[in-house]
There are 2 protein chains.
Amino acid sequence: MSPRSPELSIAELTSVLENFTRMSIRLPSVQRLSFTTLSVLHTLSQRGPKRLTELTASEQVTQSAITQIVTKLERDGLVRREPDPSDGRAVLVHVTPAGAAIVDGRRAERIARLTELADQLTPAERAAIAAALPALARLVELSQQQH
Amino acid sequence: MSPRSPELSIAELTSVLENFTRMSIRLPSVQRLSFTTLSVLHTLSQRGPKRLTELTASEQVTQSAITQIVTKLERDGLVRREPDPSDGRAVLVHVTPAGAAIVDGRRAERIARLTELADQLTPAERAAIAAALPALARLVELSQQQH
DNA sequence: GAAACTAATTAAGTTTCTTATCTACCTTTG
DNA sequence: CAAAGGTAGATAAGAAACTTAATTAGTTTC
């Protein structure tokens, strides 16, 4: 509530984000999907169909691992492979409605949990977070462009 | 810049935090330590010595997994086991200087990366994040009390 | 002080990844 | 256009990181 533009402490921001990471990472999932598998679903759901090689880059695991994950997800009906019309070697992985439902369901859990916590903050605290949201979103955007 | 206390959208906050999680989770680590192993080191470094059962609760894996992780960390000189004077069955796991150095090193990497990104924000954006930091930290605190 | 409980370990098996190799398609170049 | 090299994905085998189940040792309770 002091609008004197205090300097941003990146160390503190880092620490806060670290804790959010560790807080959300262990959310129980109904289906037993590994972290990487969930991340693949999330990526496909958020950014649309992707090749296996693109997923390899974004998820930071080996191409072989992505093949195995996609195979398992396809067997469970959560994604489907489609040929890439522009390249006969490539495959485009699409998320199915069932797959999207899992991503949405997990997001709903997180929203519910955060809502409970945010309810315990003061209105001023909530306003401060709201005011920072666009900047935080920009930070994420910048990070995605970069690498 | 509009200090009219706009309502906080938890859905947007959730989305932003999700992306931060996925952004930081795949940071390359010099030593090949699993996510859970790094999380144990982080917990010990941040909250001091803990019993194996306490780590089991905070890391959300089985007690057996914690035993194996601690054994491996001890073999590598990153933690050490000490008897709990108040309970002959229990063991207190302490992080060693070498273990703390790994945690600090990884934090330094994250800080460096975030600093680069934050430099690309406007001063107003940085100020907005700075103003929200205490509230975000409180949110983390509340979450840790709860569960 | 016997029974029930709790903290940690050990053993064995499963899941999730990696490395190495392979096939198929694409692109380039002589 | 045919051969050479490059890229996308799949497969096999093995390593790493977990799980479940059973065991040991110490603690609490009645």
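Residue numbering restarts at 1 for every chain, and letters A, B, ... go by the order of the sequence lines.
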S.K.: How is A/A90 classified with respect to the nucleic acid when contacts are heavy atoms under 4.0 Å: base, sugar-phosphate, or nothing?
M.R.: sugar-phosphate
S.K.: Which whole-number value in Å describes the distance from A/L38 CG to C/dT16 C1'?
M.R.: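 To the nearest whole Å, that distance equals 13 Å.
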S.K.: Check this for me: does the side-chain of B/S64 come within 3.5 Å of the base of C/dT10 through a donor and an acceptor?
M.R.: yes
S.K.: Record whether the side chain of A/Q63 comes under 3.5 Å of the base of D/dA10 through a donor-acceptor pair of N or O atoms.
M.R.: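 Side chain to base: pair present.
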S.K.: Is any side-chain heavy atom of B/V79 closer than 4.5 Å to a side-chain heavy atom of B/V40?
M.R.: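 Sidechains of B/V40 and B/V79: no contact.
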S.K.: Students often get this wrong, so: under 4.0 angstrom with heavy atoms, is B/D87 touching a base, only sugar-phosphate, or nothing?
M.R.: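 B/D87: backbone/sugar contact only, no base atoms under 4.0 Å.
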S.K.: Could you tell me how far apart B/L33 (CG) and D/dA17 (C1') are, to the nearest whole angstrom?
M.R.: 12 Å
S.K.: Judged by atom type as modelled, is there a donor-acceptor pair below 3.5 Å linking the side chain of A/S143 to the main-chain atoms of A/L139?
M.R.: no
S.K.: Would you mind reading off the distance between A/F35 atom CZ and D/dA17 atom C1', rounded to a whole angstrom?
M.R.: 16 Å
S.K.: Could you say whether A/I66 or B/T62 is positioned toward the 5' end of DNA chain D, judged by the nucleotide with the nearest heavy atom to each?
M.R.: A/I66
S.K.: Considering just the side-chain nitrogens and oxygens of B/T53, establish if one lies under 4.0 Å of OP1 or OP2 belonging to C/dA8.
M.R.: yes
S.K.: Tell me whether the OP1 or OP2 atom of C/dT15 has a side-chain N or O from A/K72 closer than 4.0 Å.
M.R.: no
S.K.: B/R81 side chain N/O closer than 4.0 Å to the phosphate oxygens (OP1, OP2) of C/dT9?
M.R.: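 So the side chain of B/R81 is within the cut-off, an N or O lying under 4.0 Å from OP1 or OP2 of C/dT9.
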S.K.: From CD of B/Q60 over to C1' of D/dA17, roughly how many Å is that when rounded to an integer?
M.R.: 17 Å
S.K.: D/dC18 phosphate, OP1 or OP2: any side-chain N/O from B/T36 under 4.0 angstrom?
M.R.: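 So the side chain of B/T36 is within the cut-off, an N or O lying under 4.0 Å from OP1 or OP2 of D/dC18.
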S.K.: Find the distance between CG (B/L13) and CG (A/L136) and round it off to the nearest 0.5 Å.
M.R.: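 Answer rounded to 0.5 Å: 8.0 Å.
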S.K.: Would you tell me whether A/S64 and A/Q68 have side-chain atoms, one donor and one acceptor, within less than 3.5 Å of each other?
M.R.: yes
S.K.: Would you tell me if any nitrogen or oxygen in the side chain of A/S34 comes within less than 4.0 Å of OP1 or OP2 on C/dT15?
M.R.: no
S.K.: Take the protein atom CD of B/E74 and the nucleotide atom C1' of C/dT9, then report the distance between them rounded to whole Å.
M.R.: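 Going from B/E74 (CD) to C/dT9 (C1'), I get 13 Å.
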S.K.: Between B/R126 (side chain) and B/L121 (backbone), is there a donor-acceptor pair under 3.5 Å?
M.R.: yes
S.K.: So for B/R89 and D/dT27, does any side-chain atom that can act as donor or acceptor lie under 3.5 Å from a complementary atom in the base?
M.R.: no
S.K.: In whole angstroms, how far is the P atom of D/dC18 from the CG atom of B/L55?
M.R.: 13 Å
S.K.: Measure distances between side-chain N and O atoms of B/Q68 and base N and O atoms of C/dT10, and say whether any donor-acceptor pair falls under 3.5 Å.
M.R.: no
S.K.: Over how many whole Å does the gap from A/R75 atom CZ to C/dT15 atom C1' extend?
M.R.: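 That distance rounds to 12 Å.
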S.K.: How many Å lie between CG on B/D84 and P on C/dA8, as a whole number?
M.R.: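 About 8 Å, once rounded to whole Å.
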